[in-house]
Each structure stands twice: as structure tokens, then as C-alpha cells.
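Chain letters run A, B, ... following the sequence lines, proteins first, then strands; residues in each count from 1.
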Amino acid sequence: MQSTATINLNFTINSGQVFLWEKIGEKWAGINGNDLLVIKEPFQIISSKKPARHFFRLDDNQPRILSRIGRDSLVGTAARQFSGLRLMRQDPFQCYISFICSSNSSIQNIRNMLTRLCTKFGDKIEFENRQFFTFPSAKRLSNATTKDLLSCGLGFRAKYVKDAIRAVNTGKIEFESLKKEDYGTALETLKTVKGVGNKIADCILLFSLDKLESFPIDRWTQRILQKYYPKIFYSSGGKSLTEKKYANLHKKVVEYFGPYAGYSQQFLFKLERDLNKKNWL
DNA sequence: TCATCACCTGGAGA
DNA sequence: ATCTCCAGGTGAT
């Protein structure tokens with residue numbers, strides 16, 4: 001069992017995994033499904049319904065993971081620079097909707113969309129005189145119209161989110177089943193939902209369904225692979241990542257970074273975004 | 001099979 | 001103020 005002292009909240013929250021967190025004075029407050037987590041640094045839970053070890057993946061064998069991904073020297077360096085950055089195990093439905101909303105959008109915008117969705121459909125929670133709203137369940141959202149979703153600022157994603165909600169409510173998507181399936185099968189199942197392609201499916205798998213070999217490849221990750229690993233991951237000229245190229249690249253990535261490639265991606269992503277002074281939450 | 005392109009919206013930069 | 005550009009992609013042509 002890992003000590004919570006090894007978690008760096010600031011790095012963890014500001015690494016692009018979650019959107020509904022905010023810093024209030026010394027504390028961080030965040031929404032995960034129907035739970036409100038309030039935590040302060042050094043790591044101490046002020047409030048949460050569920051045990052923190054689940055959300056912060058304290059069941060992971062961190063020394064083993066760091067040792068394995070550290071075989072790559074750049075990842076090793078990033079892991080030391082951002083020591084305490086952890087993957088989180090998010091509420092799957094929230095994660096799924098969040099990343100569908102992330103399509104061609106910025107972190108600030110994604111956060112705004114999701115906040116409006118929670119305010120409109122979630123339950124109010126009060127904590128120390130402040131109001132928060134939980135992330136609505138698929139059932140709660142079953143009657144949300146496209147117009148409702150548009151009013152939350154989802155834009156062209158509204159129709160995807162509507163389909164995604166339906167997929168869960170009809171049982172076409174079952175997160176508990178996906179957790180049990182192997183990576184490839186779960187990936188294909190998620191991709192049957194409109195608005196979910198390779199990158200978004202990988203985010204859902206990595207951040208909420210325990211698939212640590214997921215390695216979401218977005219424009220940043222692509223840039224990273226080309227910049228630091230041109231020899232290993234030469235993505236044959238073209239800029240657009242076709243279905244085939246993505247699968248091929250993922251295969252090479254797992255061969256190179258290993259079974260915890262998702263952790264490697266998180267450190268590299270954090271490293272490069274910080275280097276380019278991109279904003280977080 | 002692959003490359004292009006439109007897509008809602010709001011925030012940042014000119 | 002007003003405008004343009006672009007943002008952790010995806011689906012349709």
C-alpha cells in the first residue's frame with residue numbers, strides 16, 4: 001500500500017486528466033460522479049464519500065511502475081521532476097462524457113461545458129458556504145434534449161453526448177463489463193459510440209477503466225513522439241492520424257514504454273505542456 | 001484506404 | 001472594441 005504522502009495534488013490535478021477541480025485557498029475541491037472531494041496539501045482528505053485509495057489508485061504498485069517506465073530516460077526525468085503525479089481512477093460515466101466534450105476544445109472550455117452540465121442536471125452540495133453540483137448520472141440525463149445540451153455550450157458535441165447517454169441507458173455501453181474486457185475489445189466497443197474515436201476512447205480507458213496500456217495520442221502526444229523519439233516512432237510523414245496509423249503507433253508505443261505506457265504518457269504530456277507554458281485549471 | 005474539411009463555442013492574442 | 005484564430009478530435013466526403 002502506498003503512502004498518500006507520495007501524492008502531489010497540484011501535479012496530479014494539473015495534468016489534463018480532470019476538469020472539475022478548483023483551488024480554494026489551501027484546498028482543492030473536485031467533483032467525481034456524485035462525490036465531492038476536498039483535499040489539501042500535504043495530502044489530507046478534508047471531505048469525501050468514498051475512500052481516497054480508490055480514486056488515487058493507491059492500489060497501484062508505484063515503485064514497480066516508476067521503475068518500469070523509467071527505463072526510458074526522458075520519462076524517468078519527467079517522473080522525477082513531477083514526482084507524485086498520479087493517474088486517477090475517475091467515475092467512468094463522467095470521464096466518458098468529459099472526453100467526448102473535449103473534442104477540438106480547450107481545457108477552459110471543456111471545464112465550462114461540464115460545469116454548466118452539472119449545474120443544470122446535477123445535485124447541489126454545500127461545503128463551507130460554497131455550492132457545488134455533482135456530475136449527473138446517465139439516468140438523470142436521459143431526458144436531456146439536444147437543446148438542453150446546446151444551452152450548456154456543447155455545440156456540435158451535443159448530438160454526440162446525447163447518443164453517448166443513450167448508449168449507456170440502453171446497455172450498449174456497460175462500464176463494468178468494459179473493465180473486464182481486454183484493452184483492444186474495450187477500445188472497439190467504446191468507438192461504436194459517435195463522437196468517440198481512438199484518442200477519446202484511450203482517455204476513457206486510461207482514466208476510468210484501469211487500462212494502463214492506453215496511451216492517448218493527441219496533437220501534443222504526437223508532437224512529443226516526433227520531437228523526442230523521431231527514430232522510434234517515425235509517423236511516416238503524414239500529419240493526420242488515420243485509424244491504421246494510430247493502431248500501429250500504439251503497438252509500437254506499448255512495445256517501447258511497456259505495460260504501464262499510460263503513466264509514461266501522463267508524465268510526458270505534463271512535461272511538454274508545462275514547457276510550452278500552457279494553462280491548467 | 002487516405003487526405004481534407006466542417007464543426008459550436010468561447011477565450012486569447014492582435 | 002472588434003476581429004481572427006485556435007483549442008488534448010471526429011465523422012463525412
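- With rounding to whole Å, A/Leu154 atom CG is found 18 Å from B/dC7 atom P.
- Nucleotide C/dT10 holds its P atom 10 Å from the CG atom of A/Asp218, rounded to whole Å.
- Without hydrogens or angle criteria, A/Arg86 side chain to A/Arg57 main chain gives a donor-acceptor distance under 3.5 Å.
- Inspection of the A/Asp60 and A/Tyr260 side chains reveals no N or O donor paired with an N or O acceptor under 3.5 Å.
- Of the residues in residues 96-109 of chain A, those placing a heavy atom less than 4.0 Å from an atom of DNA chain C are A/Ser103, A/Asn104, A/Ser105, A/Ser106, A/Ile107, in numerical order.
- No hydrogens or angles considered: nothing links the side chains of A/Asp72 and A/Tyr228 as a donor-acceptor pair under 3.5 Å.
- Between the C1' atom of B/dT4 and the CG atom of A/Leu241 lies a distance of 15 Å, rounded to the nearest Å.
- A/Lys191 comes within 4.0 angstrom of no nucleic acid atom, judged by non-hydrogen atoms across all strands.
- When rounded to the nearest whole Å, the span between NZ of A/Lys278 and C1' of B/dA12 equals 9 Å.
- In the hydrophobic clustering of ILVMFWY residues, with side-chain heavy atoms under 4.5 Å counting as a link, A/Phe215 and A/Val254 come out apart.
- When the P atom of C/dG9 is taken as reference, atom CE of A/Met113 falls 11 Å away, rounded to whole Å.
- Under 3.5 Å, the side chains of A/Trp28 and A/Asn10 contain no donor-acceptor pair of N or O atoms.
- A close approach under 4.0 Å does not occur between any side-chain nitrogen or oxygen of A/Lys245 and OP1 or OP2 of B/dT1.
- Across all strands, A/Ser151 comes closer than 4.0 Å to no nucleic acid atom at all (heavy-atom distances).
- For C/dG8, its base sits under 3.5 Å from the side chain of A/Lys199 at one donor and acceptor pair at least.
- No side-chain donor-acceptor contact under 3.5 Å links A/Asp148 and A/Ser151.
- Distance from the side chain of A/Tyr160 is smallest to C/dG11 among B/dG10, B/dC8, C/dG11.
- Toward the 5' end of DNA chain B, the nearer of the two residues A/Asn279 and A/Phe156, judged by each one's closest nucleotide, is A/Phe156.
- No side-chain donor-acceptor contact under 3.5 Å links A/Gln108 and A/Ser106.
- For the pair A/Thr242 and A/Gly155, nearest-nucleotide mapping onto DNA chain B gives the more 5' position to A/Thr242.
- Atom CG in A/Asn112 sits about 14 Å away from atom C1' in B/dC8, given to the nearest Å.
- Comparing the P positions of C/dG8 and B/dA3 gives an interatomic distance of 24 Å, to the nearest angstrom.
- Residues that satisfy the side chain to side chain contact (heavy atoms under 4.5 Å, CB included) test with A/Asn112, not counting sequence neighbours, are A/Asn109, A/Arg116.
- Using a 4.0 Å heavy-atom criterion, one finds that A/Glu272 contacts no nucleic acid atom at all.
- The side chain of A/Arg273 has C/dG8 as its nearest neighbour among C/dA7, B/dG10, C/dG8.
- A sub-4.0 Å separation between OP1 or OP2 of B/dC7 and a side-chain N or O of A/Arg157 is absent.
- For A/Trp220, the listed nucleotide lying nearest its side chain is C/dG8; candidates were B/dC2, C/dG8, B/dC7.
- Side-chain N or O atoms of A/Lys172 include none that pairs as donor or acceptor with a backbone N or O of A/Arg166 at under 3.5 Å.
- A centroid separation of 6.0 Å or more is found between the aromatic rings of A/Phe267 and A/Phe257.
- Rounded to the nearest Å, the gap between the P atom of B/dC8 and that of C/dT13 is 14 Å.
- Atom NZ in A/Lys194 sits 8.5 Å away from atom OH in A/Tyr160 (nearest 0.5 Å).
- Contact between the side-chain N/O atoms of A/Lys194 and the OP1/OP2 oxygens of C/dA12 is found at a separation under 4.0 Å.
- A/Leu117 places its CG atom 15 Å from the C1' atom of B/dT9, with the value rounded to the nearest Å.
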What would the secondary structure line of DNA chain C be in dot-bracket form, counting Watson-Crick and G-U wobble pairs under 3.5 Å, with [ ] for pairs that cross earlier ones and | for pairs with another strand?
.||||||.|||||
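- The nearest whole Å value for the distance from the NZ atom in A/Lys159 to the P atom in B/dC7 is 10 Å.
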